[in-house]
Amino acid sequence: MQPNNIVHNDMHAISTENNVRLQRGAVSDFLASLAIIENPVDYPSYESAVQEIIDLMPVLQLNGIFTHLRLRSPKAISLITDLFPELTGIID
């Protein structure tokens, strides 16, 4: 399946009938935010990365990303399971 089969090329995002926003680049945005969390330049960039992860988590869960991938970073695992306790044992 190609991304444009879900979100057409002329669109950046869509909302599902469950009001979950699917957007292009969600996985790459998530990975970029994890990289910032691992080595933040400053607190505002860390805070922004945390908010990005919070905003993206419903999309990532809907996409089933953690069915196929596991996180290895203890810092990322700790942060995400603190924010989303239901993901304990699923993301790691």
Side-chain angles (χ1 to χ4, degrees):
M1 179 173 286
Q2 298 295 317
N4 63 336
N5 292 39
I6 300 169
V7 180
H8 297 286
N9 286 334
D10 60 341
M11 299 173 73
H12 176 69
I14 61 170
S15 292
T16 69
E17 54 194 47
N18 298 339
N19 293 323
V20 174
R21 184 175 166 85
L22 296 175
Q23 64 189 53
R24 288 183 179 276
V27 174
S28 60
D29 290 348
F30 176 69
L31 295 175
S33 294
L34 289 179
I36 292 169
I37 286 168
E38 287 298 319
N39 295 302
V41 175
D42 53 29
Y43 187 74
S45 65
Y46 176 84
E47 195 171 43
S48 178
V50 169
Q51 187 59 52
E52 182 77 11
I53 288 172
I54 291 168
D55 294 344
L56 289 171
M57 199 54 64
V59 172
L60 298 171
Q61 289 178 281
L62 182 68
N63 289 344
I65 191 77
F66 300 118
T67 301
H68 307 288
L69 300 176
R70 297 288 184 259
L71 299 180
R72 296 183 353 187
S73 161
K75 189 182 282 188
I77 292 166
S78 177
L79 172 73
I80 292 170
T81 56
D82 284 350
L83 294 169
F84 301 92
E86 70 275 12
L87 294 177
T88 301
I90 295 172
I91 64 169
D92 55 347

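Just so you know, these numbers use all the heavy atoms, side chains as well, and skip hydrogens, waters and symmetry mates.
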What one should report as the nearest heavy-atom pair of Lys75 and Ile37 is CD-O, 3.4 Å
Is [X] linked to [Y] within one hydrophobic cluster, defined over Ile, Leu, Val, Met, Phe, Trp and Tyr using a side-chain heavy-atom separation of less than 4.5 Å?
X     : Y     : value
Ile77 : Ile53 : yes
Leu34 : Val41 : no
Ile54 : Ile36 : no

Euclidean distance, Leu87 CG relative to Leu60 CG, rounded to 0.5 Å:
10.0 Å
Any side-chain heavy atom of Phe30 sitting closer than 4.5 Å to one from Glu52?
no
Please list, chain by chain and in numerical order, all residues satisfying side-chain hydrogen bond (donor to acceptor under 3.5 Å, both in side chains) with Gln61, sequence neighbours excluded.
none
Mark yes or no for whether Ser33, through its side chain, and Asp29, through its backbone, hold a donor-acceptor pair below 3.5 Å.
yes
Sequence neighbours excluded - side chain to side chain donor-acceptor pair (under 3.5 Å) pairs with any residue from residues 82-92:
none
Does anything in residues 37-48 form a side chain to side chain donor-acceptor pair (under 3.5 Å)? List the pairs, not counting sequence neighbours.
Glu38-Ser73, Asp42-Ser45
Could you list the donor-acceptor pairs under 3.5 angstrom formed by side chains in residues 65-72, with sequence neighbours left out?
| residue | atom | partner | partner atom | Å |
| --- | --- | --- | --- | --- |
| Thr67 | OG1 | Gly64 | O | 3.3 |
| Arg70 | NE | Ile90 | O | 3.3 |
| Arg70 | NH1 | Phe66 | O | 2.1 |
| Arg70 | NH1 | Ile90 | O | 3.0 |

